[in-house]
Amino acid sequence: AYNINFGTLKVGSDTTININFEDVSHISVTKTCQCTMPTITLLPQGGFDMLVSYDSQKVGVINQAVFERVVNNQNEQVVITFNLKGIITE
């Protein structure tokens with residue numbers, strides 16, 4: 001699992017992170033709530049870029065997870081977890 005700690009942010013702050021998957025032939029994303037917004041782009045050279053952002057209009061504690069199920073170049077299925085943590089204040 002990867003832990004992403006945004007720390008303390010103000011409402012409306014940019015929470016976008018870019019995650020690159022180079023040795024992956026397939027990706028499927030599951031999110032735990034409507035406050036995380038993953039977007040996936042297929043790269044021309046192979047692999048994927050995934051942008052994940054958290055709805056920074058919601059004041060309070062960030063404690064969510066995003067799960068990626070990927071198939072690597074060895075045709076093995078792997079689940080990768082990104083734990084998003086932090087606090088959004090006014």
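Model, not experiment: these values are computed from the prediction. Atoms considered below: every heavy atom in the structure, side chains included; atoms not considered: hydrogens, waters and symmetry mates.
For the residue pair I40 and M50, the shortest heavy atom distance occurs at CG1-CG, 4.1 Å. Closest approach of N5 and G86 over heavy atoms only: OD1-CA, 4.1 Å. Pairing each heavy atom of F48 with each of L42, the nearest pair is CE2-CD1, 3.7 Å. Here the shortest heavy-atom pairing between V11 and Q57 reads CG1-OE1, 3.4 Å.
Separation of atoms CD1 (I4) and CG (N83) is listed at 8.0 Å; rounding is to 0.5 Å. Note that CG of L84 is 9.5 Å distant from CG of N3, once rounded to the nearest 0.5 Å. Interatomic distance, T36 OG1 to F67 CZ, rounded to the nearest 0.5 Å: 10.0 Å.
In this structure, the side chains of V70 and I80 come closer than 4.5 Å at one or more pairs of heavy atoms. Using a 4.5 Å heavy-atom cutoff, the side chains of K10 and I88 are not in contact. Within the 4.5 Å cutoff, side-chain heavy atoms of T89 are placed close to those of T8. Between C35 and Q64 there is a side-chain heavy-atom pair separated by less than 4.5 Å. No side-chain heavy atom of I87 sits less than 4.5 Å from a side-chain heavy atom of I62.
Every side-chain contact (heavy atoms from CB on, under 4.5 Å) that N20 has, sequence neighbours left out, goes to E22, L43, D49.
S56 contributes a side-chain N or O that, together with a main-chain N or O of S13, makes up a donor-acceptor pair within less than 3.5 Å. A donor-acceptor pair under 3.5 Å is absent between the side-chain atoms of S53 and the main chain of T16, judged by distance alone.
Applying the ring pair (Phe, Tyr, Trp, His ring centres under 6.0 Å) definition to pairs two or more places apart or across chains, those involving residues 70-90 are Y2-F82.
Cluster membership check: L9 shares its hydrophobic cluster with V59, using side-chain heavy-atom separations under 4.5 Å among Ile, Leu, Val, Met, Phe, Trp and Tyr.
Between the side chains of K85 and N63, at least one donor-acceptor pair of N or O atoms lies under 3.5 Å.
The neighbour count for Q45 CD, taken as heavy atoms of other residues, nucleotides or ligands under 6.0 Å away, is above 12.
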